[in-house]
Amino acid sequence: MAKRGISITLGTIVLIGVVGYGPATLLGPLPAPAVATLALPTPAAAVTPPALPTTGATAVAQTAAVLAHAGDTAALPISGAARLITALVVAQRYPLPEGPGQDITMTEQNYETYRERVDAGQSAVSLFPGDVWTQHSVLQAMLRGGSTAHADALATWAYGSIDGYLKAAQAWAKKEGLTSLVVTDAAGVDTGTQATASDLARITALAAADPGITAAFTEEPDTLAVQRGLTLPSPYLADTGIRVLYRGYTDQAGIILLFSQTVTTPAGPFSYASASLRSATWQTLETETRALVASAESGINSTADLATGTPLLTITTDWEQSVRGLSGETPAQPHWGSTAPTLRVEPGTITVPLAEGTPVGSVTITDDSQATGDRRIPLIADGALTEPDVLWRLTHPLPLLKALWEQLIP
């Protein structure tokens with residue numbers, strides 16, 4: 001009886017094995033394809049970083065992104081550059097997209113402030129009680145004429161008082177993430193008004209992007225402003241194509257230059273702004289500025305960091321089928337990085353059958369152009385993977401049984 005029981009048990013095991021072999025090999029799951037990452041290519045575009053001096057403090061920004069910084073990282077007095085902040089804070093409450101804007105009637109207090117500024121030897125375009133200026137003409141007097149009196153007049157008109165303006169300016173700085181900026185006056189004569197070069201470059205970029213501020217710099221002065229003595233500064237480095245938003249010197253702040261520039265690329269324009277503080281001399285500033293502009297002409301480009309169709313993956317099955325994962329189209333966009341971008345390949349979940357053109361992963365392109373940010377490009381299969389034929393299934397039980405086992409017991 002014992003021998004008979006053993007025979008029945010062995011027979012049952014053999015029968016189960018014979019009966020189960022067919023379904024396991026013919027109907028069971030297929031082994032996952034092997035995925036390998038190919039060597040990463042060298043980025044197509046050469047990198048020319050912003051050329052910045054190591055002395056003083058200089059930064060380059062594109063609106064919310066600081067592209068490069070060199071020199072002193074501390075907050076420094078910004079002198080008349082504070083008047084750009086006044087323009088931006090007032091524009092937050094009274095935007096000036098086009099046209100003259102609202103009328104601003106000068107008061108006796110405005111006139112008294114003007115007299116105080118003149119008596120203190122500060123720059124001021126004249127004004128009189130009852131004068132009716134427009135927002136546009138006040139901006140011109142303040143930004144192009146350097147009028148400290150008009151900065152005070154604009155701030156008090158918009159916010160009721162200088163104290164009201166200062167509260168609004170600090171709220172604006174917090175909203176914009178300008179963590180180093182401290183505003184203690186509207187005119188830019190108080191050394192307590194300070195910012196780092198990085199934050200000042202961002203402020204310059206914001207001002208250059210504001211249509212009302214741009215109009216104040218590009219349009220002819222209003223008649224009243226000319227009658228009241230507004231004279232425009234002589235062009236600075238006009239052959240470079242930069243637009244100066246502020247250039248000045250004080251004993252406390254040193255030499256300051258704020259400018260913006262737009263570089264044209266095949267994929268469109270790229271605008272950046274620069275803030276330079278405490279250059280050693282005016283000649284040094286010119287040399288430094290020309291070097292920065294030259295590096296922009298070389299470094300700003302729209303060449304794709306990765307050519308479309310670059311093979312980055314191979315996908316191979318146990319039954320000797322193989323396809324590649326090719327990079328999809330990289331959108332052309334202007335950028336300016338300081339270092340070569342890095343590539344990171346991430347395979348996706350790949351199953352068979354696989355149709356040609358199916359996404360099989362992605363490649364992430366990372367560079368230090370924060371304005372551009374990381375870009376994620378899909379990887380596309382350049383061919384199809386099909387299931388193996390019956391003969392291969394019947395003659396390769398081990399990988400099929402292993403795949404079944406891994407499915408049943410993950």
Side-chain angles (χ1 to χ4, degrees), residues 20-49 267 301-333 335-410:
Y21 176 80
T25 55
L26 296 177
L27 303 176
L30 293 168
V35 180
T37 301
L38 300 175
L40 297 176
T42 302
V47 175
T48 303
N301 65 83
S302 58
T303 303
D305 295 318
L306 183 65
T308 301
T310 301
L312 295 174
L313 288 179
T314 58
I315 304 164
T316 307
T317 65
D318 285 9
W319 50 100
E320 299 182 351
Q321 290 183 358
S322 181
V323 297
R324 299 177 302 171
L326 307 183
S327 61
E329 183 178 0
T330 304
Q333 55 184 353
H335 57 279
W336 190 9
S338 296
T339 59
T342 59
L343 308 178
R344 184 176 72 255
V345 176
E346 300 175 84
T349 301
I350 301 167
T351 57
V352 179
L354 178 75
E356 181 178 358
T358 300
V360 291
S362 64
V363 55
T364 300
I365 304 174
T366 302
D367 61 29
D368 60 356
S369 174
Q370 299 175 45
T372 301
D374 289 354
R375 287 159 287 162
R376 194 175 185 185
I377 310 302
L379 300 179
I380 307 300
D382 69 346
L385 296 177
T386 60
E387 295 186 0
D389 57 23
V390 173
L391 180 60
W392 187 91
R393 281 181 173 272
L394 291 173
T395 55
H396 295 80
L398 292 181
L400 293 167
L401 291 172
K402 180 182 178 183
L404 178 61
W405 179 262
E406 291 174 347
Q407 184 182 78
L408 295 174
I409 307 177

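Please read all numbers here as calculations on a predicted model, not as lab measurements.
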Task: Shortest non-hydrogen separation from His335 to Gln333 and the atoms involved - done: ND1-O, 3.0 Å
Open item on the list: When you measure from the side chain of Gln321 to the backbone of Thr386, do you find a donor-acceptor pair of N or O atoms at a distance under 3.5 Å?
Closed with: yes
Task: Heavy-atom side-chain proximity of Leu379 to Pro347 below 4.5 angstrom - done: no
Open item on the list: According to side chain to side chain donor-acceptor pair (under 3.5 Å), who are the partners of Ser302, at least two apart in sequence or on a separate chain?
Closed with: none
Task: Side-chain heavy atoms of Thr330 within contact of Asp305, under 4.5 Å - done: no
Open item on the list: To the closest 0.5 Å, what do you measure between CG (Leu312) and CD1 (Ile380)?
Closed with: 11.5 Å
- [ ] Please examine the side chains of Thr317 and Pro388, heavy atoms only from C-beta on, and report whether any two atoms are closer than 4.5 Å.
- [x] no
- [ ] Indicate the atoms forming the closest heavy-atom contact of Leu343 with Leu40, along with that distance.
- [x] O-CD1, 3.4 Å
TODO: Would you mind reporting whether Leu400 and Trp392 have side-chain heavy atoms less than 4.5 Å apart?
DONE: yes
TODO: Would you please name every residue forming a side-chain contact (heavy atoms from CB on, under 4.5 Å) with Pro49, sequence neighbours left out?
DONE: Val47, Ser338
Task: side-chain contact (heavy atoms from CB on, under 4.5 Å) involving Ala332 - partner list, sequence neighbours excluded - done: Ala267
- [ ] Just jot down the side-chain contact (heavy atoms from CB on, under 4.5 Å) partners of Thr308, sequence neighbours excluded, or say none.
- [x] Glu329
Task: Any pair counted as side chain to side chain donor-acceptor pair (under 3.5 Å), so long as it reaches residues 347-358, sequence neighbours left out - done: none
Task: Check: Thr310 side chain, Ser327 main-chain N or O, donor-acceptor pair, under 3.5 Å - done: no
Task: Pairing residues for Pro311 by the side-chain contact (heavy atoms from CB on, under 4.5 Å) criterion, not counting sequence neighbours - done: Leu38, Arg324, Leu326
Open item on the list: Run the side-chain contact (heavy atoms from CB on, under 4.5 Å) test on Val323 and Val360 for me, step by step, so that the C-alpha distance in whole Å, both residues' side-chain angles and the decisive distance to 0.1 Å come before the verdict.
Closed with: CA-CA 10 Å; Val323 297; Val360 291; 5.9 Å; no
- [ ] Would you check if the side chain of Ser362 reaches a backbone N or O of Arg376 as a donor-acceptor pair within less than 3.5 Å?
- [x] no
- [ ] Identify the heavy atoms of Trp319 and Val352 that sit nearest to each other, and give their distance.
- [x] CZ2-CG1, 3.9 Å
TODO: Compare all side-chain heavy atoms of Thr364 with those of Arg375 and state whether any distance is below 4.5 angstrom.
DONE: no
- [ ] Hey, could you give me the CG/OG1 distance between Leu398 and Thr395, rounded to the nearest 0.5 Å?
- [x] 11.0 Å
Open item on the list: Working note: Ile365 + Ile377, criterion side-chain contact (heavy atoms from CB on, under 4.5 Å); need CA distance, chi angles, decisive distance, verdict.
Closed with: CA-CA 8 Å; Ile365 304 174; Ile377 310 302; 4.1 Å; yes
